[in-house]
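Have a look at the structure below, then the notes.
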Amino acid sequence: MPASIIDGKMIAAKVHEENAEEVAALARDYNVQPGLAVVLVGDDPASRVYVNMKVRKCKELGIYSEKHVLEKTASMDEVLALVDQLNNDTRINGILVQSPPPPQIDEDAVVAAINPAKDVDCFHAENVGKMLIGKQDGFVPCTPYGIMKLLERSGIDPSGKHAVVIGRSNIVGKPMMALLVQKAKGANATVTCVHSRTKNLAELTRQADILIAAIGKPEFVTADMVKKGAVVVDVGINRVDDPNGRDNYQLVGDVKFDEVAAKASMITPVPGGVGPMTIAMLMHNTIKACKLQNGIG
Ligand code: NDP
């Protein structure tokens, strides 16, 4: 039997509904409105699309938003000055600097300059540390957080299961491992992480009850790498040339969908799987930042 589809679009829509209700309750009960500032340095077309999507979603939910666009030649001093201004702006509860910035910008230094209380992307070392030790007063990075929600709301309990994460980036792979291994409800998995230096990759992925692919290589995961009945989460977003596609390309994931879907028990599609959850969790984190900054429990 082919895998059932984990419908990220539908689950994200539900999270957005809850987000909108929380925003309305904050206005009604406390007279506060969450605020998010999105900073774009340069004119990368994909980054522009992501930034606009985030601003649009804020508007839909009633979250105050600001978009700051700096020239692609902007200096570190300019970016840091803007971050400093936003750190001190009480309208703004969350700050996000869209990745990747142009090469003259030291992304680590920019992240370190963001007030951790406003670091809704959870890239700051303070929040990464809090996530790792399971403290609840920081943030959880949006993509892995979205995946945990997808699992939870699809009735998949990772407890005692073998989860294999392909990829070890700071944005997806490493925090994904950290969340799955937490001693906490909805986690408690046995986790293996594989990457480009792993020798017996397919041997390990074939052991996965839950397989999470965050590689950035189109259709890398094939059916022979997957155990029958596994849950497969595809994080990848890859543009591949397609003369029949809109703008001559199509988006594919890191998983060869058709053949893996024939073997898995559940699978996320691309698009419409993990992607919509990332933005839903960004909005959730912005609301959380607003509550923490206003002492609302
Ligand atoms: P990175 O390029 O930062 O990391 C990729 C990881 O995959 C690295 O750890 C790398 O290993 C590993 N890798 C690369 N090639 C191989 C290989 N042949 N065998 C085994 N491992 C390999 O990517 P990200 O984590 O930022 O993103 C991964 C994918 O997820 C991308 O397609 C990205 O677009 C997508 N993404 C989607 C999001 C969403 O909202 N849906 C959000 C963020 C990312 P090594 O460390 O050894 O180099």
Side-chain angles (χ1 to χ4, degrees), residues 4-40 46-67 91-99 118-123 127 131 136 138-156 171-172 175-176 179 186 212 233-235 237 251 253 266-294 296-297:
S4 40
I5 303 295
I6 299 175
D7 188 342
K9 243 172 130 172
M10 196 186 72
I11 296 171
K14 183 79 187 80
V15 175
H16 283 309
E17 244 175 62
E18 293 161 11
N19 286 337
E21 280 164 20
E22 279 218 66
V23 172
L26 284 172
R28 186 185 59 232
D29 301 339
Y30 299 96
N31 195 27
V32 294
Q33 183 187 28
L36 176 69
V38 186
V39 178
L40 173 64
S47 293
R48 217 171 32 220
V49 169
Y50 289 136
V51 161
N52 289 339
M53 273 166 55
K54 289 164 188 171
V55 170
R56 202 164 48 237
K57 191 48 82 179
C58 282
K59 286 210 176 91
E60 278 172 36
L61 301 181
I63 293 175
Y64 172 74
S65 68
E66 287 179 5
K67 179 168 92 172
R91 271 318 256 122
I92 298 300
N93 305 114
I95 303 169
L96 177 157
V97 181
Q98 186 64 43
S99 184
K118 297 190 176 188
D119 168 43
V120 286
D121 254 343
C122 187
F123 292 164
N127 286 314
M131 174 196 57
Q136 302 299 314
F139 300 103
V140 177
C142 303
T143 300
Y145 196 7
I147 293 169
M148 295 304 280
K149 287 280 166 213
L150 278 183
L151 296 177
E152 178 197 312
R153 294 190 181 202
S154 305
I156 300 154
I171 297 178
V172 189
M176 193 70 249
L179 292 176
I212 299 181
V233 176
D234 189 352
V235 187
I237 302 177
L251 289 182
M266 297 179 102
I267 189 166
T268 61
V270 176
V274 174
M277 290 303 288
T278 298
I279 190 160
M281 302 327 290
L282 173 68
M283 300 296 129
H284 171 88
N285 280 352
T286 303
I287 296 165
K288 181 177 183 183
C290 172
K291 286 171 143 175
L292 287 172
Q293 284 160 43
N294 285 284
I296 299 167

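Computed from a prediction, not measured in an experiment: that's the story for all the values here. Only this structure's heavy atoms are used, side chains among them; waters, hydrogens and symmetry mates stay out.
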Residue pair Cys58 / Ser65: nearest heavy atoms and the distance that separates them: CB-CB, 3.7 Å
Interatomic spacing from CG in Leu151 to CD1 in Ile212 - rounded to 0.5 Å: 6.0 Å
From OG (Ser154) to CE (Met266), nearest 0.5 Å: 5.0 Å
Backbone of Pro269 reached by a side-chain donor or acceptor of Asp234 within 3.5 Å: no
Non-hydrogen side-chain atoms of Pro141 and Ile171 separated by less than 4.5 Å: no
Test log, rule side chain to side chain contact (heavy atoms under 4.5 Å, CB included), inputs Met283 and Leu36: CA-CA 9 Å; Met283 300 296 129; Leu36 176 69; 4.2 Å; yes
Distance (rounded to the nearest 0.5 Å) between Thr286 OG1 and Lys54 NZ: 10.0 Å
Test side chain to side chain contact (heavy atoms under 4.5 Å, CB included) applied to Ile279 and His16, step by step: CA-CA 9 Å; Ile279 190 160; His16 283 309; 4.1 Å; yes
Closest contact, heavy atoms only, Thr278 versus Cys142: O-CB, 3.4 Å
Enclosure of Asp29 CG (heavy-atom neighbours >12, cutoff 6.0 Å): yes
Heavy-atom pair with the smallest gap, counting every atom of Gly186 and Met148: O-CE, 3.3 Å
Nearest-0.5 Å distance that lies between atom OG1 in Thr268 and atom CD1 in Ile6: 6.0 Å
Side-chain (Gln33) to main-chain (Gly62) donor-acceptor, under 3.5 angstrom: yes
Taking every non-hydrogen atom, the tightest pair across Asp119 and Asn127: OD2-ND2, 2.8 Å
Test item: Asn285 side-chain N/O and Val140 main-chain N/O as donor-acceptor pair under 3.5 Å: yes
Sub-4.5 Å side-chain heavy-atom contact between Asn294 and Leu26: no
Within-4.5 Å side-chain heavy-atom neighbours: Gln293 and Val32: no
Between Asn52 and Lys67, a side-chain donor and acceptor under 3.5 Å: yes
Any donor-acceptor pair under 3.5 Å from Asn19 side chain to Ile287 backbone: no
Electrostatic pair Glu22:Lys291 at N-O distance under 4.0 angstrom: yes
Distance-minimising heavy-atom pair for Ile92 and Gly94: CG2-O, 3.3 Å
Gap between atom OH of Tyr64 and atom CZ of Arg91 - 0.5 Å precision: 5.5 Å
Nearest heavy-atom neighbours spanning Asn93 and Ala289: O-CB, 3.5 Å
Side chain proximity check, Lys149 to Ile11, heavy atoms < 4.5 angstrom: no
Approximate separation, where rounding is to 0.5 Å, of Ile267 CD1 and Ile5 CD1: 6.5 Å
Lys288 (side chain) donor-acceptor with Phe139 (main chain) under 3.5 angstrom: no
Heavy-atom check, side chain of Ile147 versus side chain of Met277, under 4.5 Å: no
Flag side-chain contact, heavy atom, 4.5 Å: Arg56 against Met53: yes
